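Below is one structure, written out as structure tokens, with a few remarks after it.
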There are 2 protein chains.
Amino acid sequence: MKIGELARQTGLTTSKIRFYERIGLLKTVDRRPNGYRTYPPQAALILGLITTAQRAGFTLDEIRTLLPSDLQRWDHDALMNALTRKIADIEALQARLAQSKAHLLHLIADIQARPDNMDCAANARRVLTNVLTEPPENLDVTPDDVRLLDRTDRRLSVSRGRSKKALSP
Amino acid sequence: MKIGELARQTGLTTSKIRFYERIGLLKTVDRRPNGYRTYPPQAALILGLITTAQRAGFTLDEIRTLLPSDLQRWDHDALMNALTRKIADIEALQARLAQSKAHLLHLIADIQARPDNMDCAANARRVLTNVLTEPPENLDVTPDDVRLLDRTDRRLSVSRGRSKKALSP
DNA sequence: CTTGACCTTGAAGCTACCTTTAACGTTAGG
DNA sequence: CCTAACGTTAAAGGTAGCTTCAAGGTCAAG
């Protein structure tokens, strides 16, 4: 299978597939005499796995270390470890988001709770003081928690990059 | 107040403060005859606001358009709009995270549910098929939802960039 | 023989948010 | 007067995950 065909099958762009190869993520690729890449049918499967793992919050780096060269032979322990850690990361993020959300809701309520006898400027001062004197949100998030987020978002931004400008035909 | 003093008060680095000025986020700055920046006490307050807003998931760009030059005179409607939208973004992300988490838990269960009479390779094949045939996770997340995440993570990654290499003294 | 669809490469660009570096001027204290 | 700590600038670098570009080569159909 040539790269364009693989791209169609997986829904990925050819540039993405080549990129994965460059960073050592996709190794099941051969060359025809003319230099063209050629893939076994299995490649589509692997790319599907990569995409799925990415959506679950794994970095390409993590995926690379977890993906066995032979799909039948996984490092069971490493995989389970990674899955468990990833879940913990997600939970930490969920806690953060809940906090942020609560914070914003509180702020909205605070703004709308302007006493009738108070003018806008004074209300602004009042709200401002509240915002800045709230406790510093002790979230206890470790650098490791953070890493997921860095991934998660990017994972989600599948729809980006496409939005820039439509191909001018 | 000079920039070092302001940095100490806010807990930000001087480079960050200068950066904020460069991108037009912090305008309350004057110069002494020697070229040094000098700030009114209010500046610390504004930086506090910026940091808080960032933690809540706003981009510096968003913050810039929302921050009034006079802290007493906010654009009430724009602010409320932004807050409301940001909450919606957070909710979308929460939904995604819940999905990812469920997905991972399911995967773990699936791996552990290997029938006694099945060998590892066969189990790997079985799980693999399950993973890849699950529905494509119809999440209906808009590009706008995505933007928050891009922010949220970075907001969280305060602890990064420091990790590279300690200053060699 | 030409057209168009496909393939190749390395390098540069993009995003958002900073930090780092180099090369230099200022100021307070001993 | 020297030194250490502070201040200044513009420009480049770093992250993660790609895309885009320039400048080609290959191939099948008409």
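On a predicted model such as this, the values are computed, not experimentally measured, just so you know. All values below come from the heavy atoms of this structure, side chains included, with hydrogens, waters and symmetry mates left out.
When distances run from any side-chain atom of R22(A) to the nucleotides dT8(C), dT19(D), dT19(C), the shortest one goes to dT19(D). The side chain of R18(B) sits closest to dG7(D) out of dT19(D), dC17(C), dG7(D). For Y36(A), the side-chain atoms get nearest to dC6(C) when compared with the rest of dT8(D), dG25(C), dC6(C). The side chain of K16(A) has dC18(D) as its nearest neighbour among dG25(C), dT19(C), dC18(D).
dT15(C) atom P lies 15 Å from atom CG of L60(B), rounded to whole Å. Straight-line distance from the NZ atom of K2(B) to the C1' atom of dG7(D): 7 Å, rounded to whole Å. As a whole-Å value, the separation of I50(A) CD1 from dA16(D) C1' is 15 Å. Between the CD atom of E21(B) and the P atom of dG7(D) there is a distance of 13 Å, given to the nearest Å. In this structure, CD1 of I23(B) is placed 14 Å from P of dT15(C), rounded to the nearest angstrom. What separates CD1 of I17(A) from P of dG17(D) is a distance of 17 Å, to the nearest Å.
The residue I3(B) sits close only to the backbone: its heavy atoms come under 4.0 Å of sugar-phosphate atoms, none of a base.
One finds no salt bridge joining D119(A) and R114(A) here, because no Lys/Arg side-chain nitrogen approaches an Asp/Glu carboxylate oxygen to under 4.0 Å. Using a 4.0 Å cut-off between charged nitrogen and carboxylate oxygen, E5(A) and R8(A) count as a salt-bridge pair. Between E62(A) and K86(A) a salt bridge is recorded (basic side-chain N to carboxylate O distance below 4.0 Å).
Side chains of S100(A) and R96(A): no donor on one and acceptor on the other come within 3.5 Å.
For dG17(D), the base has no donor-acceptor partner in the side chain of Y20(A) [N/O atoms by modelled type, under 3.5 angstrom].
Looking at every heavy atom in both residues, K16(B) comes nearest to L12(B) through CD-CD2, 4.1 Å.
For the OP1/OP2 pair of dG25(D) and a distance below 4.0 Å, the side-chain nitrogens and oxygens of N34(A) include no atom meeting the criterion. For the pair R31(B) and dT9(D), the criterion of a side-chain N or O lying under 4.0 Å from OP1 or OP2 is met. For R37(A) and dC7(C), the shortest distance from a side-chain N or O to OP1 or OP2 is not below 4.0 Å. OP1 or OP2 of dC18(C) has not a single side-chain nitrogen or oxygen of T13(B) nearer than 4.0 Å.
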